[in-house]
Amino acid sequence: MIATRETVSAAPAAQGPQETFVLNLGPQHPAAHGVLRVLMTMEGEWIQRAEPVIGYIHRMHEKMGENRTWAKFLPNTSRIDYLSAMHYTHAFVGAVERAMKIEVPLRAEYARVITSELNRISSHMVWWGALLLDLGGFTPILYAFDDREKILDLLEGLCGARLTYCYYRFGGLYNDVDDEFLRGTRDFVQHLRPRLKMYRDLVTDNVILRKRLTNIGPIDAEMCRRYGATGPVIRGAGVPYDVRRMEPYSVYPRLDFKVPMYPECDSMARYLVRMDEMEQSLRIIEQALDQIPTGPFLAPKVPRVLRLPAGDYSYAVEAARGRFMVRIVSDGKEIPYRVRLRAPSFSNLSLYEEASRGMILPDALAMMGSLDLVIPDIDR
Amino acid sequence: MNATFPFSEYLVTAVFALAAGTTIAGALIAVMTTRIIRSVGGLMITCLGLAGLYYFLHSPFLALMEILIYVGAVCITIVFGVMLSEPDEPAEPRRLTRTLRSAAAALVAVLVGLGLAYLSLQGPWPTAAAGAAPADGSVAAIGRALLTTYSLPFELISIVLLLAILGALVIARGGRHRAEPEAGPARRPAAVSNPGTTPQIEPAGADPVPELVTTDSR
Amino acid sequence: MNPTLDQLIAQFTELIGPEAFAAAAAPAVPPSPPAATAVGTTGASPAAGGGVPVAAAKPAPAPAAPPPPLQATQHALKGYDLDARVAPNQVVDAARLLDRAGFAIDAVTGVDWLAQEEMEIVYDYFHPSQSLRMVVRTRVPRAAPELPSISGVFPGANWHERETHDFFGIRFAGHPNLKPFLLPEDANFHPLRKDYTP
Amino acid sequence: MSLITAIRETFLGFKSLLVGLRITAREASRPIITVQYPRETLKMPARFRGHIKLVLDPETGKPRCTACTLCAKACPSGCIVLDGVKREGDKKKSVSKYELDFTTCSLCGSCVEICPSDAIEFSKEYNVVSLNRDTFENMDLYAKIEAEARAWSAAHPAPPAASPPPAAAPANPTAPASQPLNAPAG
Amino acid sequence: MTFLSLEPIRVLLYLVGICAFVGANAAYLVLAERKGAGRIQRRPGPNEAGWAGWMQPLADGLKLLAKQIMVPPGTDSLLFRLAPLLVMAPPLMCLVTIPFGENVVARDLNLGLLLVFSFGSINVMALMLGGWASRNKYAIISAARVVSQNVAYEIPMLLVVITLLMMTGTMSLQEITAQQAGGFWHWNLFKLWVNPLMPVTFVIFFTCMLAETNRAPFDMAEAESELVAGAFTEYGGMGFGVFFMAEYANIVVGCCLATVLFLGGWQSPIGILSSGAWGLLWFFLKTYALILTVIWIRWTFPRTQFYSLLNLSWKILIPLSLATLLLTGAMMKLPLLWRALS
Amino acid sequence: MNLLELHQQPGVYLVLAAFLMGAGIYGFLRRRTLIGMLISGEIIFAAASLNLMVMNRFFAPDPAVGQVFVLFIMGLAAAEVAIALSIIIAVYRNYRSIGSRELTGLKG
């Protein structure tokens, strides 16, 4: 796609003594993860205006939701944000369960928490590696993928898929968590702790990375609020907003964890939030492993063909990138009347235009990396 | 450098011809082309050829300095200037004027060049040192000369350079600052608040805020 | 900055105005907040164009007895705490009110009620430092769906409104840039309308 | 003061670089962890979800599938097309055609979950490759199960009641070669 | 001045040898880089072509050669074609004067060091012209960066070299090597009793060398996550290949220079066995150790930000190198002063 | 004149210098941008330097004097380029052009 006339002229054109030019960053660019295009009006290396242009892999998931049954939409949910598929399925399943008033067995809830948190760690690892890739460090992504493989192996052994799990079912799980998985998860927790320390020594403490991220890309709490940015972005702005705490779901209220928060509002704060979140996720997993009861993994008497009572219901979860909300509207039929997917990356990216104004290109890309964008999540 | 140049005569002549040819070609490119960036390239080529000629004039030090200063500094500075101002030759409105202008310039140049060449070939040069054991163009001699006979000009040159740096800074920056107020959008983020300040919707007082972990940033 | 549910209810009651409450013929319980939490289950959805009891009795076109314009709902049952139904010209005021109360924009979306010839626009808000979720909804006629944009209040709504315009063809007056967003640049269709066929 | 801080920060920064170098050096001395794919292959876990396949009843050597089409109905992307015939002597219908459009299959497992007779399961093939697009668009699972059934009957030579000759079954004549898929390497 | 003097033949042979050396280095350093990256990242790296991947450079080269050289429309085609030539020439020239062994040097100029630096400065011009001629926004940004970066780092590098020259008193690389004979404690890096600041000088030199050769963490010119491929974005096939080779050739030159200036060149670390082939062995051991360090650094650190890179040069390295220059001068003159006073 | 002795003939160098001078003058007159004129000026400098070197090599009793002068010329040229370019950039900022014809508005 070429810059259209309007988009170019919408930018403050070259008037007055300063000269600008338009840089078309993407849709194929090494730093635009996936097919994101950013139309940058630059003055030298300074960004005057960076307008994200999205929709290149729009798949109209919401329309798909309207032409198939509730159960048939389930696989779609793990394909919106393929890096945190568990959370997305959780939200959809949760919304339907909320409408149907299905009581989910405790074992299934704990299993959901464990798998969700594993998924969060794996998602953060991809982010970590990709951020470092954006910053020009190639090695960390492979270390992260080494550890992430272990998570994927665990989840593959559990539900048979490595990325698009589709593991949760209305009222429970696809299949039971076996002992092998629980043991493997315990081993993994032990394995990851020293690795996280290694990450810290190799990257977090590195002076170059500190210089690249500290005081770069300030996004304050007010901006987060006005744009609806959530997740590590808002927690890096000093607001301890976490759906697991604010609108508790599943068995999170029974678990003891901290919400990492840094008040610096810069890219480093967002970075540190995610790094701390990995440790907190490990804590959560350990507790859940200790507490997980035996019992059924699927609620009894879940009808095969669901007819939700008319009305609208929403369910929000804390996905790896922030607040993911499913809003479903039912008219009492067996297919949804409306499925609305509120994607965190969408809101997080929408503040990019304002936040990147006046930055220079490398910093703006570092900030984009610290937002942890997943383009299919934005485009849906 | 040893006085007896180690190549055989033919090679020497060939290399000399190469150096001279490079100089001529570079100069021609520099003045004939319309694209200014090629012109800079021509200047660079001229300097490379000139360095070769200096070598033949028994001054390798000057040859290397020519490359270091002209190619490494002057040309690059000029290219930088070109990048900042994109000055391709404006097209002459009428063809006739262009031709006339070029012809006049060429005439003057040819006259001057021929005159100088004629003079230099006819001039009664003292032939004292010609062909004799060539002067030692070593660094030591230059250094000694610079620090004894020519120490005052040497110091003056350094002062000139310093002043040039300062002057260039003043002029270039001054333009920028003057241009700033009417520049339109702010260069520096106006919307971005100070990252150090406390956020505005920090949970007030006794809110049901869970325990926070604010690990100090290492 | 951290409003209680009662304060919100009071403010919204004022915003919506008594006429709307009067119009809601049902024995709704307008401003007595905490007791009304049970409403959420029985009153069901205003969105569904007549909840469980009403829909059976009334034919679609005119929801004769609309549910009360302001309902406190149980979060555990609906996923939000307060549900306000405002007139289309009140959404900006509602957004300002919520902005002052420290809410953050969550999502803006539409629902196409084909049978009632209406488009519903739903604004979700969450509070960053408090467990409080708020839904503001309004309806516009399907033939001419237009209402003011709240992107002046919440810049984050800009993208959501563009998306809603893409999908439903709802025009947001005062929106700076209603170009196709997720759809192709030359798209002139609105896929989430119920009568859309590809 | 600020000079001391600056020097200290410079020193610490330099130290952090050395720490980083030490870590990469340590990692470099450890064995490689990647699997050299064509030479080494992975063993898929028991619950691995590959493409689906029909299951042979180990008792009778026939497909378990009764062509009830529940799987086709449960499939979100409608990628299963199957048909059954009632063969003489059988009480129930049995499958006579089972095609999977693997290009649209999302491996969600709904079909396996819903199958009342456990007649479908996931294969463990993870490196399905072909030069022919048709291999995936019309993945003929019935042809495969036929081949398996033949192998079964070859391995269980004629018990008292001779099993119906599988060749007589109305196999899809236009189906591609029965083994278009690579075996899981080895 | 005999017509059949062996000297021209010798020099020609050296030129051919240097070209071959640069070519082989460029090819196999790419392999070494990929293998090294693989080791650090715990994967084998290229291992299919030939035994353990030894034929990989050949395969890469063939691929690059087979590609069409495209000159995109809108470029300044003359400069576009000229730039790869210009970028390859300087490292070849620089290697002429590097002493690889006791008697292995193409031409031992007494201004060898100056030659290396003057030809090294052409490199910038080539990248800049290539970037400019591409008519690509990324390439132009990259070209501007290359220039600011190289100008910024040439200064501390020259200052450091001047410091060294004050100690050695000669610009002939062979003589500098000869001065460092007799065990590693005679190397300039460890001549702490002459100048205790030598390690600092070496670190500055090495940093500047990384920056001058556009190596990570200072690879501003081709910061692939920002500028796609920087100045080479529009180059394909062998055009790109030549830039790539020149990059490695520059690294080789830089590391050779560092070896000669600081690590004693072909002098053995134990004081004996530096003559003949041994000298070559020591020289290449040291040089390749440095090159491996360069590779190691690349795969460990993220890229610096451009402005902090310039700050590093202008605010830290230049003052530091100036300080070392002054201190070294003072230290060298101190004995004289002492003698004069006493 | 022996062709093989070409590089030892001062006349050759002098003619070359004269050619450079002519080229420089031609460029200086023909160019209509400041940078183009600057480049032509550099070529004139080069001609002068070459002349000085020839004098030094063939005619001067003191071996260093010409070289020292050429060094001075280089230093001056560097300074001149720096200043000239900063002026050019400043002019460009204010006039959006560095064509010498458009700069009639410059006043002392």
Side-chain angles (χ1 to χ4, degrees), chain A residues 64-65 67-79 89 137-140 142-143 145-147 149-150 152-167 169 174-176 178 180-181 184 195 197-211 298 304-305, chain D residues 6-28 30-35 42-52 70-80 104-116 121-126:
Chain A
M64 282 193 229
N67 55 28
R68 57 195 60 193
T69 63
W70 297 100
K72 281 186 182 179
F73 186 64
L74 199 54
N76 284 48
T77 53
S78 53
R79 283 163 176 80
T89 317
F138 190 76
T139 299
L142 286 151
Y143 291 168
F145 266 56
D146 174 18
D147 294 328
E149 272 313 281
K150 297 193 166 61
L152 298 191
D153 284 346
L154 283 173
L155 293 177
E156 187 186 26
L158 182 63
C159 65
R162 295 177 78 79
L163 207 57
T164 51
Y165 309 105
C166 189
Y167 177 54
R169 291 289 185 269
Y174 166 64
N175 51 21
D176 196 7
D178 51 357
E180 194 186 341
F181 171 77
R195 293 287 288 187
K197 183 180 176 302
M198 187 272 265
Y199 291 1
R200 198 166 64 225
D201 287 343
L202 176 65
V203 175
T204 313
D205 286 348
N206 187 295
V207 63
I208 299 177
L209 182 99
R210 293 254 161 199
K211 278 251 187 297
L298 199 59
R304 206 151 240 185
V305 180
Chain D
I7 290 173
R8 189 171 157 270
E9 273 181 10
T10 312
F11 178 74
L12 286 180
F14 197 70
K15 193 184 146 216
S16 78
L17 297 181
L18 294 182
V19 168
L21 284 175
R22 203 193 66 212
I23 287 175
T24 40
R26 197 184 62 207
E27 292 289 321
R30 293 168 66 187
I32 61 167
I33 44 172
T34 48
V35 175
L42 292 168
K43 191 177 176 304
M44 288 297 109
R47 289 174 177 180
F48 178 75
R49 303 207 294 244
H51 67 82
I52 55 169
L70 269 181
C71 50
K73 281 178 197 141
C75 181
S77 40
C79 58
I80 299 174
T104 57
C105 173
S106 59
L107 297 170
C108 64
S110 302
C111 46
V112 178
E113 254 180 306
I114 210 157
C115 183
E121 67 175 23
F122 297 112
S123 74
K124 302 284 172 278
E125 283 176 33
Y126 61 92

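- In this structure, NZ in D/Lys73 is found 13.0 Å from OG1 in A/Thr69, a value given to the nearest 0.5 Å.
- Proximity to chain A is limited to the side chain of D/Pro45, based on heavy atoms less than 4.5 angstrom apart.
- To the nearest 0.5 Å, atoms NZ (A/Lys72) and SG (D/Cys75) are separated by 7.0 Å.
- In plain terms, the two heavy atoms of D/Ile23 and A/Leu202 that are nearest each other are CD1-N, 3.6 Å.
- When each of A/Asp146, A/Asp178, A/Leu74, A/Asn76 is checked for heavy-atom pairs under 4.5 Å with chain D, A/Asp178 comes out on top.
- Annotation: the span from A/Ile208 atom CD1 to D/Ser16 atom OG amounts to 7.5 Å, rounded to 0.5 Å.
- Residue with the most contacts toward chain A among D/Thr34, D/Leu42, D/Leu17, D/Leu107: D/Leu17 (heavy-atom pairs, distance under 4.5 Å).
- Under the 4.5 Å side-chain criterion, counting only non-hydrogen atoms from C-beta, A/Phe145 is not in contact with D/Ile33.
- A/Leu158 touches chain D through backbone and side chain together, each having a heavy atom under 4.5 Å away.
- Contacts of D/Arg26 with chain A are made by side-chain atoms alone, with heavy-atom separations under 4.5 Å and no backbone atom involved.
- The side chain to side chain donor-acceptor pair (under 3.5 Å) search around D/Arg30 returns D/Glu27, not counting sequence neighbours.
- Atom-to-atom distance recorded for A/Tyr174:OH and D/Cys108:SG is 9.0 Å, nearest 0.5 angstrom.
- With a 4.5 angstrom heavy-atom cutoff, D/Ile114 touches chain A via backbone and side-chain atoms both.
- Taking chain D as the reference chain and counting heavy-atom pairs below 4.5 Å, the highest number among A/Ala71, A/Ala161, A/Gly160, A/Ser78 is found for A/Gly160.
- More than 12 heavy atoms of other residues, nucleotides or ligands lie within 6.0 Å of CD in D/Glu113, so this atom counts as buried by the packing criterion.
- The contact between A/Tyr165 and chain D is made entirely by backbone atoms, counting heavy-atom distances below 4.5 Å.
- Distance CG/A/Asn206 to CG/D/Leu21: 9.0 Å, rounded to 0.5 Å.
- Both the backbone and the side chain of D/Thr24 come within less than 4.5 Å of a heavy atom of chain A.
- In this structure, the separation between CZ on D/Arg49 and OG1 on A/Thr164 is 7.0 Å, given to the nearest 0.5 Å.
- More than 12 heavy atoms of other residues, nucleotides or ligands lie within 6.0 Å of NZ in A/Lys150, so this atom counts as buried by the packing criterion.
- Looking only at side-chain heavy atoms (C-beta outward), A/Cys159 and D/Arg47 stay at 4.5 Å or farther from each other.
- Contact tally against chain A (heavy-atom pairs below 4.5 Å) for D/Ser106, D/Gly13, D/Gly50, D/Ala74: the top residue is D/Ser106.
- Residues passing the salt bridge (Lys or Arg N to Asp or Glu O under 4.0 Å) test with A/Arg162 are A/Glu149, A/Asp153, A/Glu156, sequence neighbours excluded.
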